[in-house]
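Notes for the one structure printed next.
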Number of protein chains: 2
Amino acid sequence: MYTGRMARALDLRVVAFGGGTGLPVLLRGLRDRVGDLSAVVTVADDGGSSGRLRHELGVAPPGDVRNCLVALAGRKKLAEVFDYRFDAGELSNHTVGNIIIAALADMDGGFCEGVERASRFLRIKGRVFPAATESLTLLVSYTDGTCARGESAAVVAGKKISAVAVEPAGAPAPERAVEAVRRADVVVLSPGSLFTSTIPALLGDGMREALAEFEGPVVYVANVMTQPGETDGFALSDHVRALMDHAGPCLTDVLVHSGGFSREVVERYGEEGAVPVEVDREVLESLGVAVRGASLVSEGDDGRRGLRHDAARLAEEVCRVGLVRL
Amino acid sequence: MYTGRMARALDLRVVAFGGGTGLPVLLRGLRDRVGDLSAVVTVADDGGSSGRLRHELGVAPPGDVRNCLVALAGRKKLAEVFDYRFDAGELSNHTVGNIIIAALADMDGGFCEGVERASRFLRIKGRVFPAATESLTLLVSYTDGTCARGESAAVVAGKKISAVAVEPAGAPAPERAVEAVRRADVVVLSPGSLFTSTIPALLGDGMREALAEFEGPVVYVANVMTQPGETDGFALSDHVRALMDHAGPCLTDVLVHSGGFSREVVERYGEEGAVPVEVDREVLESLGVAVRGASLVSEGDDGRRGLRHDAARLAEEVCRVGLVRL
């Protein structure tokens, strides 16, 4: 049975949206399990190394893209160089990969072109697309009616984000990313920062329409814990509503961790203001979203590194949804 | 005859010393003409992008090495990325290659190891060695008895350099570079800045001894013009004496440009204080050095780009010396 299912999974065409560390985990799991894999990656970051390159060189922020390229790289040793981060001097906090992508973007006439060339250098399995053909700036609205500009300014203690938008409005998603969605069997939204990572990946112009027309399953891999400043007090249905508010009512499935976790982990997250996301099944089902539980996360070896999504388990469950719905 | 000579040239084992722009020209000419090619490259630079990386990250200055790697690269597109220079922001004036080499040096536990890994990435034809296993600092003595420290401080208007040394004294040449000299058929000293490029490439500890034991020809490709602040008033024999003072009496041959050049070129160089290097044959012969003339340089298309050594012609003449002496 299992072998048969895997054999069919190898025919699946998957598109995954997101950024941060959540999307690369998903990509690592999917890369050798599915037949065709595309990543659509947020370009709204404006902090850290990415922010500096963005502001000084006018290129799109490369950090999120770099992590995805590395996750899919066939040339592992070159990928290791891409991931190298300087820790001193003026290059401090820059990674080599960010610098290379910035150079390629300038040499090749655009960020998409630079990412494509970096993809070839790294011999990646699959494709990586920026969410938009130009840098996006996040516009954040809070529940108290105020707003802020820029991803790194988005998280403000004591404020709740109600919505995000991007500027320039109407910056198109790359045509090939839209095309990948049209040809896909499954779309996955990665876990991670909801408003500053997963949602911005969906905001390239044309993507909402492509998702509306998409007839296969759209699976959200749910966050396990709330994120202070982004999703305080959010039940899972609040996450799903936020996704649907921004990307349209395309979600069909949510993957949740059903394996539980230790009291120590809950306490440690609690110290930072994060609590387990409540899985409010009835509300979710009323939204028309199927809830699928599986053991998806593991705790760090020494109990200190927190929870991590398990790449292989995530990918298996995504494939399972894809195959059930085929 | 010609075909026969070229066929034999393909068996020659050549080691070339230097840095700057002179050594890469020589390497470009030799790479497809000889059987085995090693470059030994100065690591005494302390200005520009190299100097910044050196001071901030504690790696050897990568610029001269990068130019040689690019000259020998099999992967031309990656070499193009190595050569990309940023022109804005905090990365301004850094090349991507310098940054990659600095990262590799740190990742791989040393500059030699980093250069070796960069060589593999670029699939270079031949080998590139730093002149010493650690960064060298140039100690410059002037004819007026004063001295200065650091390559970028070496050139002082109105002062004549009498000698250079390096610090730390006794920093060894890489064992594999010494080995390459032992196995070579011909050694070439590249044209370029005499005291700040060609000579420092020879100062790794152990190299003087290797050259003293070397029985094949050691060919200096002579500078065509004097260099203000470095070799003002130097006849060719003064260049040769300086080389012998620092590397031992190993020189056997000097290649000089015998093709002449236009009055416009002489005038333009004259405006910057440079004059054609006098080829004082009798003095050179009294030093035991054979003078070989050939047309080695060409003038820029529009007469404004100055003189350039012709890579192919240089390489042919170097091979000729090697074959005559075999």
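Below, chains carry the letters A, B, ... as their sequence lines are ordered, and counting in each starts from 1.
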- request: Below 4.5 Å from any heavy atom of chain A, which atoms of Leu104(B) appear? Answer side chain, backbone, both or neither.
  value: side chain
- prompt: Leu78(B) versus chain A, heavy atoms under 4.5 Å apart: side chain, backbone, both or neither?
  reply: both
- prompt: Going by heavy atoms in the side chains, are Ile99(A) and Ile100(B) under 4.5 Å from each other?
  reply: no
field: Trace of the side-chain contact (heavy atoms from CB on, under 4.5 Å) decision for Val96(B) with Val96(A)
entry: CA-CA 8 Å; Val96(B) 172; Val96(A) 172; over 6 Å; no
task: Could I get the full list of side chain to side chain contact (heavy atoms under 4.5 Å, CB included) partners for Ala173(A), not counting sequence neighbours?
output: Val178(A), Met207(A)
Chain B against chain A: donor-acceptor pairs under 3.5 Å:
from: Arg52(A); atom 1: NE; to: Glu90(B); atom 2: OE2; distance (Å): 2.7
from: Arg52(A); atom 1: NH2; to: Glu90(B); atom 2: OE1; distance (Å): 2.9
from: Arg52(A); atom 1: NH2; to: Glu90(B); atom 2: OE2; distance (Å): 3.1
from: Glu56(A); atom 1: OE1; to: Glu90(B); atom 2: N; distance (Å): 2.5
from: Lys77(A); atom 1: O; to: Arg117(B); atom 2: NH2; distance (Å): 3.3
from: Tyr84(A); atom 1: OH; to: Asp106(B); atom 2: OD2; distance (Å): 2.5
from: Glu90(A); atom 1: N; to: Glu56(B); atom 2: OE1; distance (Å): 2.5
from: Glu90(A); atom 1: OE1; to: Arg52(B); atom 2: NH2; distance (Å): 2.9
from: Glu90(A); atom 1: OE2; to: Arg52(B); atom 2: NE; distance (Å): 2.7
from: Glu90(A); atom 1: OE2; to: Arg52(B); atom 2: NH2; distance (Å): 3.1
from: Glu90(A); atom 1: OE2; to: His94(B); atom 2: NE2; distance (Å): 2.9
from: His94(A); atom 1: NE2; to: Glu90(B); atom 2: OE2; distance (Å): 2.9
from: Asp106(A); atom 1: OD2; to: Tyr84(B); atom 2: OH; distance (Å): 2.4
from: Arg117(A); atom 1: NH2; to: Lys77(B); atom 2: O; distance (Å): 3.4

